[in-house]
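Heads up: the structure comes next, in structure tokens.
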Amino acid sequence: MSEQGKIEAVKQPSVGRGRPRDNEKNAAIVEAAAHLFLDKGFDGTSMDEVAKGAGVSKQTVYSHFSSKEQLFSASIRAVIERYYPETVLDRVEEHSLEADLRVVCESYAHLLMSKEAMAMFRLLVAAAPKGPMLANLFWNAGPREMQDRLEAFLLSRVQKGELDIPDIEVASSQIVCLLKAKSHFMHSIGLIDSISEEQIQKNVDNAVDVFLKLYRV
């Protein structure tokens, strides 16, 4: 199958063969796969290893996921969907523009600065010379939808008359850049071992302050 064909196949997950999916086994498979992909990379991870890590048979793995590409996408999505704006905002009792923007930014910042995200970033950079297939799988598995949902959040505030944003896509990208600041780059190249909670909060404070100065009505 061509690289593009693999990507398209992942976009349309196939229904598992045989018995209905066992949610507990499905979660175990995804968790085991995520650890292996981050530790050994995409090419270095086998479905046999995933089965062993999840405590199931290889046949069971294939009954849930028809290919390694589909499993990779599922493992990425399982992590990222916990950070969707509407997911974190469901836990907020009192809503305001600044408060909601801060919650969304904090969630996004913790995702961007997490050890898992940093390991995936390095994995994708290392795989880049081989072609865009892995990057496309990663982007379509979660980050693209995460960006879409961030844009939808901003658009909802524009429609309420709280923000004046000429280009939603540009504005959402600005938030991401502000949240990363220089700490993300320093961490990615190994100048620092981790990013403290204090630094994350400083990045969030700066992102919210700059963004509201730019776009608040």
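Counting from 1, the numbers follow the sequence of the chain as shown.
- Under a 4.0 Å N-O distance rule, the pair D48/K52 does not qualify as a salt bridge.
- Every residue was checked against the side chain to side chain contact (heavy atoms under 4.5 Å, CB included) condition with K115, not counting sequence neighbours, and none meets it.
- A heavy-atom distance below 4.5 Å is found between the side chains of I192 and I195.
- At distances below 3.5 Å, not a single donor-acceptor pair connects side-chain atoms of S66 with backbone N or O atoms of Y62.
- In terms of hydrophobic clustering, with Ile, Leu, Val, Met, Phe, Trp and Tyr side chains grouped at heavy-atom distances under 4.5 Å, V176 and M186 are assigned to a common cluster.
- In this structure, the side chains of Y108 and I175 stay at 4.5 Å or more apart for every pair of heavy atoms.
- For the pair S63/T60, a side-chain contact is recorded, criterion being any heavy-atom separation below 4.5 Å from C-beta on.
- Summarising the geometry of A32 relative to A54, their closest heavy-atom pair is CB-N, 3.7 Å, with the distance given to 0.1 Å.
- A pairwise comparison of heavy atoms in L112 and M118 identifies O-CE, 4.3 Å as the closest pair.
- Within the 4.5 Å cutoff, side-chain heavy atoms of N26 are placed close to those of F65.
- Across V217 and G161, no two heavy atoms sit closer than the pair CG2-O, 3.4 Å.
- Considering only heavy atoms from C-beta on, L71 comes within 4.5 Å of M47 through its side chain.
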Full working for side chain to side chain contact (heavy atoms under 4.5 Å, CB included) between F153 and L101 | CA-CA 9 Å; F153 166 74; L101 180 60; 4.0 Å; yes

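- Distance alone, capped at 3.5 Å, places no donor-acceptor pair between the N206 side chain and the K202 backbone.
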Test M113 against L179 for side chain to side chain contact (heavy atoms under 4.5 Å, CB included), laying out the working first.
-> CA-CA 9 Å; M113 306 301 184; L179 290 173; 5.6 Å; no

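- For the residue pair L111 and M146, the shortest heavy atom distance occurs at CD2-CE, 4.0 Å.
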Salt bridge (charged side-chain N to carboxylate O under 4.0 Å, His left out) evaluation trace for K213 with D209 | CA-CA 6 Å; K213 285 180 179 177; D209 182 55; 3.3 Å; yes

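- For the side chain to side chain contact (heavy atoms under 4.5 Å, CB included) with E162, the lone residue among R216, R157, E98 that qualifies is R157.
- Aromatic ring pairs are classed by plane angle as parallel below 30°, tilted from 30° to 60° and perpendicular above 60°; the pair F72 and F42 is perpendicular.
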Evaluate the criterion side chain to side chain contact (heavy atoms under 4.5 Å, CB included) for residue pair F138 and L124; output intermediate values, then yes/no.
-> CA-CA 9 Å; F138 173 75; L124 293 169; 3.4 Å; yes

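- Under the 3.5 Å distance criterion, the side-chain polar atoms of Q147 are left unmatched by any main-chain donor or acceptor of P143.
- Applying the side chain to side chain contact (heavy atoms under 4.5 Å, CB included) rule to S107 yields the partners Y83, V88; only residues at least two apart in sequence or on another chain are considered.
- In this structure, the side chains of H64 and V61 stay at 4.5 Å or more apart for every pair of heavy atoms.
- When every heavy atom of G142 is checked against every heavy atom of Y84, the shortest pair comes out as O-OH, 4.5 Å.
- Of all heavy-atom pairs spanning G41 and L123, the tightest one is CA-CD1, 3.3 Å.
- Between the side chain of K68 and the backbone N or O of T45, at least one donor-acceptor pair lies under 3.5 Å.
- With hydrogens and angles ignored, the 3.5 Å screen pairs a side-chain donor or acceptor of S183 with a backbone N or O of K180.
- Each of V204, N203, D205 was evaluated against E106; a single residue qualifies, V204, per the side chain to side chain contact (heavy atoms under 4.5 Å, CB included) test.
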Does the pair L97 and K160 meet the rule for a side chain to side chain contact (heavy atoms under 4.5 Å, CB included), with working shown?
-> CA-CA 10 Å; L97 170 60; K160 289 182 179 180; over 6 Å; no

